Every structure is written in C-alpha cells, then in structure tokens.
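Just so it is clear, the model here is predicted, and its values are computed rather than measured. Just so you know, these numbers use all the heavy atoms, side chains as well, and skip hydrogens, waters and symmetry mates. The chain is numbered in sequence order, starting from 1.
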Amino acid sequence: AVVSTQSTGIAASVLKNIARLTGEMTNKPEKAVVVMLNKHHDVWYEESDTPLVHIRFTSLEMAVSDHVGYSSAFATLFNKELDVAVDRVVVEFNSPPATHLGKCGTTVAEIRNNQE
C-alpha cells in the first residue's frame, strides 16, 4: 500500500502512524507500506487556503467497499495528529491489479505466481 500526502509540517511520528494504520487497514505488514510526502505550502482548495491533506492511496486490488472506512480512518488520523479538519482530508483511491506493479525486475503478479 502506498500513501502519498500533500501537507505541511509532518513529523516522523506521524509517518509511522500512517504506515501502521495503513498496514492495519489493508492487512499488510508495515514493511509493505510506503508513505511518501510532498510538502506544499500553497494549497487552494474549495475557496480556502486552510490546512489540507490530499492523500493518494494506492493498494493492489483494493475493494471499493472499503473506501469509506479508509477515508474515515485517514480523516480521523490527520485530525488527531495535525489538527486538520476532517472536511479538509481528501483521499484519492487507486487500486491497480497486481500485473500493473513492477518489483524485483518482474511484477507482483508473477512473484505471487512463483510462490504458489
């Protein structure tokens, strides 16, 4: 799972919490979670420049039925950790098939096939 956020002033402890929460939500080990930050100071969204977190959440073969729960969990986390209003936490979901992620010179689908 990959979580990429756009916000400002995010501490390492928050990164760790994002990785932990993402691992729990997706039932993946924390070592399989990548958290990338893009810090932008100038963000204009919904006619406001108040703090915003824009999350690009990518997880292979994620169920659409889980999106609401993930969105709620991220909104709660960023509200608690960074005092960002829940209506300023935006989540963009991406769920490619395992054939669309390359790793170790092959794809995750091939790695899974070879483990069987």
Between Ala73 and Leu21, the two heavy atoms sitting closest are O-CD2, 3.8 Å
Sidechain-backbone polar pair: Asn79 side chain, Ala75 backbone, donor-acceptor under 3.5 Å: no
Flag, side chain of Thr107 to backbone of Glu110, donor-acceptor distance under 3.5 Å: yes
Between Ser72 (side chain) and Val68 (backbone), is there a donor-acceptor pair under 3.5 Å? no
Taking it one step at a time, do Leu77 and Asn17 satisfy side chain to side chain contact (heavy atoms under 4.5 Å, CB included)? CA-CA 8 Å; Leu77 174 71; Asn17 286 341; 4.1 Å; yes
Starting at CD of Glu81, measure out to NZ of Lys16 and round the result to the nearest 0.5 Å. 13.0 Å
In this structure, CG of Leu52 is separated from CZ of Phe78 (nearest 0.5 Å) by 10.5 Å
Shortest non-hydrogen separation from Thr58 to Pro96 and the atoms involved: CG2-CD, 3.7 Å
Using 0.5 Å steps for rounding, measure from the CZ atom of Arg20 to the CG atom of Leu15. 12.5 Å
Inter-residue atom distance Leu60.CG - Asn94.CG, 0.5 Å rounding: 11.0 Å
Flag, side chain of Ser71 to backbone of His67, donor-acceptor distance under 3.5 Å: no
Do Val64 and Phe93 make a side-chain contact, defined as non-hydrogen atoms from C-beta onward lying under 4.5 Å apart? no
So does His54 get a backbone contact from the side chain of Glu92, meaning a donor-acceptor N/O pair under 3.5 Å? no
So CG of Asp87 and OG of Ser48: to nearest 0.5 Å the spacing works out to 9.0 Å
Under 4.5 Å between any side-chain heavy atoms of Met62 and Thr26, yes or no? no
Checking the side chain of Arg88 only, and the main-chain atoms of Tyr45 only, is there a donor and an acceptor separated by less than 3.5 Å? yes
Would Lys28 and Ser59 satisfy side chain to side chain donor-acceptor pair (under 3.5 Å), going step by step from the backbone distance to the final call? CA-CA 10 Å; Lys28 294 180 181 175; Ser59 184; 2.8 Å; yes
Between CG on residue Asn114 and OG1 on residue Thr106, distance to nearest 0.5 Å: 7.0 Å
With the side chain counted from C-beta on, respond yes when Tyr70 and Thr22 share a heavy-atom pair under 4.5 Å apart, and no when they do not. no
